[in-house]
Amino acid sequence: MAKNLSGDLQVASANRLVDGMVVWLDEAGQWTDRLEHAAISRDQRNAEILLERARVEAFSVVDPFLVAVTEDEDGMIEPLSLREKIRASGLTFHAIAADAVRYA
């Protein structure tokens, strides 16, 4: 059972400039490709602060934004929306990259 279904929990996401990969802002203010390492805001005020931190650290990414997530009893987080679940999985990017290498 998820702890949150309303979208109160949020993480900051963006796409890395170098390769287009989806990245998440961690507690140290670094961009990581591991959703489980993302800093989580647990209320609207902290979400605003998190987004501002993401914008400050945006020199290596494109257009940071907030993503609503859920967190289970084990602390695992997952995006609420299907679009963000797909982005987090990286499946479409990796499939395209694999096809490009295979057909090059």
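Here the structure is a predicted model, which means the values were calculated and not measured. Position 1 is the first residue of the sequence, and the numbers go up from there.
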Exercise for review: Using the side chain to side chain contact (heavy atoms under 4.5 Å, CB included) rule, take Val11 and Ser41 through it: C-alpha gap first, then chi angles, then the decisive distance, then the call.
Suggested key: CA-CA 6 Å; Val11 295; Ser41 77; over 6 Å; no
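Under a 4.5 Å side-chain heavy-atom cut-off, the cluster of Ile, Leu, Val, Met, Phe, Trp and Tyr residues that includes Trp31 is completed by Val23, Leu25, Leu50, Leu51, Val61, Leu66. Val18 belongs to no hydrophobic cluster with other residues, because no ILVMFWY side-chain heavy atom falls under 4.5 Å from its own, directly or through intermediates.
Of the residues listed (Ile77, Asp33, Thr32, Ile40), the one engaging Trp24 in a side-chain contact (heavy atoms from CB on, under 4.5 Å) is Thr32, and it is the only one.
With rounding to the nearest 0.5 Å, the separation of CD in Glu36 from CG in Asp26 is 11.5 Å. A distance of 6.0 Å separates CD in Gln44 from CD in Gln10, rounded to the nearest 0.5 Å. To the nearest 0.5 Å, atom OG of residue Ser60 and atom CG of residue Asn15 are 11.5 Å apart. Put simply, CE on Met76 and CD on Glu78 are 9.0 Å apart, with the number rounded to the nearest 0.5 Å. The distance from atom CZ of Arg87 to atom CG of Leu82, rounded to the nearest 0.5 Å, is 12.5 Å.
Taking 4.5 Å as the limit, every side-chain heavy atom of His37 sits out of range of all side-chain heavy atoms of Glu27. Inter-residue side-chain proximity for Asp43 and Asp8 is flagged as unmet; no heavy-atom pair is nearer than 4.5 Å. Here the side chains of Ser81 and Val67 are not in contact, with every heavy-atom distance at 4.5 Å or above.
Here the shortest heavy-atom pairing between Pro64 and Ala14 reads CA-CB, 3.9 Å. Pro79 and Lys85 get closest at one heavy-atom pair: O-CE, 3.0 Å. Closest of all the heavy-atom pairs between Ala88 and Leu35 is CB-CD2, 4.2 Å.
One hydrophobic cluster holds both Val69 and Phe65 under the rule that ILVMFWY side chains link at heavy-atom gaps under 4.5 Å.
Under the 4.0 Å criterion applied to side-chain N and carboxylate O atoms, Glu71 and Arg42 are assigned as salt-bridge partners.
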